[in-house]
Amino acid sequence: MAERSWPGEQLIGAAQRGDAEAISALVSGSHPNVVRFARSLCATPEDAEDAAQEALIILYRKIGMLRASGALASWMFRIVRNECLRRARTTLRSSTTPGSRTPLREVPVPSAEDEALHQLEAGGVAAAVASLPADQRRVLIMRDVQGYSGRMVADALGISTAAMKSRLHRARAAVRHRVRLTADSASGGDADGDEG
């Protein structure tokens, strides 16, 4: 995979010392890689554009906080990843709130019971995903929400495929368990049909 190189240590060092030209050159030189990270991690092209922009603003403002010049790539990856996750959570939340604009044609009218069950299920899934440990949540969102392959998720997070599969399995099991508990408590606590 052809990859543009990150700006060199001399440029990073000058930027850390506050050299305005070096900071501008650093942001420009980092832009292609930051955009590549954002496109691989965010759910939509719009989110990727916004996340990349946010990461570059943080780089511009806070380059002095970077401890080691060799850590620029991992620092920017973390910023982009966190911004993409924040945007995914916001999208999940907004998709479960009433009043979303849907065209009137071709929309079946659900019964009040169906609508209540759908809201409960969507809200339960969003809450269950939000409650996962960060490492499991990242894998689940990238794999099941954003649709990346297992290999891409493992590579992006810097873990083995086996570790990615393990985290994904635990995350899916935790979400299923929590959603099942929520549904059981909503239906009066009857868990007879529960299967292990």
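The shown structure was predicted, so the numbers you read here are calculated from the model rather than taken from an experiment.
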State the CD-CG distance between Gln53 and Leu56, to the nearest 0.5 angstrom. 6.5 Å
Single-linkage hydrophobic cluster, 4.5 Å side-chain cutoff, Leu85 and Leu140 together: yes
Apply side chain to side chain contact (heavy atoms under 4.5 Å, CB included) to Leu168 and Val153, showing your working. CA-CA 10 Å; Leu168 182 62; Val153 173; over 6 Å; no
Check the surroundings of atom CZ in Arg39: do more than 12 heavy atoms from other residues, nucleotides or ligands lie under 6.0 Å from it? no
From Leu11 CG over to Ile23 CD1, what is the distance, rounded to the nearest 0.5 angstrom? 10.0 Å
On a heavy-atom basis, the closest approach of Ala48 and Ala38 is O-CB, 3.2 Å
Partner set under side chain to side chain donor-acceptor pair (under 3.5 Å) for Asp19, not counting sequence neighbours: none
Pairwise side chain to side chain donor-acceptor pair (under 3.5 Å) hits with a residue in residues 128-137, at least two apart: Ser131-Arg178
Minimum heavy-atom distance between Leu41 and Ala156, given as atom pair plus value: CD2-CB, 4.3 Å
With a 4.5 Å cut-off on side-chain heavy atoms, are Glu54 and Arg86 touching? no
Taking all atoms of both residues into account, what is the closest heavy-atom pair of Leu72 and Pro7, and its distance? CD2-CD, 4.2 Å
To the nearest 0.5 Å, tell me how far Gln16 CD sits from Glu9 CD. 9.5 Å
Taking all heavy atoms of Ala22 and all of Ala15, pick out the closest pair and write down the distance. CB-N, 3.6 Å
In Å, rounded to the nearest 0.5 Å, how long is the span from CE of Met76 to CD1 of Ile58? 7.5 Å
So how far is it from Ser166 OG to His169 NE2, rounded to the nearest 0.5 Å? 8.0 Å
Does any N or O in the side chain of Ser28 come within less than 3.5 Å of the main-chain N or O of Ser24, such that one atom is a donor and the other an acceptor? yes
Derivation and outcome, side chain to side chain contact (heavy atoms under 4.5 Å, CB included), residues Val139 and Arg170: CA-CA 10 Å; Val139 168; Arg170 288 197 308 269; over 6 Å; no
Between OG on residue Ser30 and CD1 on residue Ile12, distance to nearest 0.5 Å: 7.0 Å
If Ile, Leu, Val, Met, Phe, Trp and Tyr residues are connected whenever their side-chain heavy atoms lie under 4.5 Å apart, and connections chain through other members, are Val35 and Met142 in the same group? no
Arg36 vs Ser40, test: side chain to side chain donor-acceptor pair (under 3.5 Å). Steps then yes/no. CA-CA 6 Å; Arg36 184 173 48 82; Ser40 71; over 6 Å; no
Assign the ring pair Phe37 / Trp6 to parallel, tilted or perpendicular, where the plane angle (0 to 90°) is split at 30° and 60°. tilted
Let's go through Leu59 and Trp75 carefully: what are the C-alpha distance in whole Å and the side-chain angles of both, what is the deciding distance for side chain to side chain contact (heavy atoms under 4.5 Å, CB included) to 0.1 Å, and is it a yes or a no? CA-CA 9 Å; Leu59 173 62; Trp75 188 49; 3.7 Å; yes
Contacts of type side-chain contact (heavy atoms from CB on, under 4.5 Å), residue Arg61, not counting sequence neighbours: Ile57
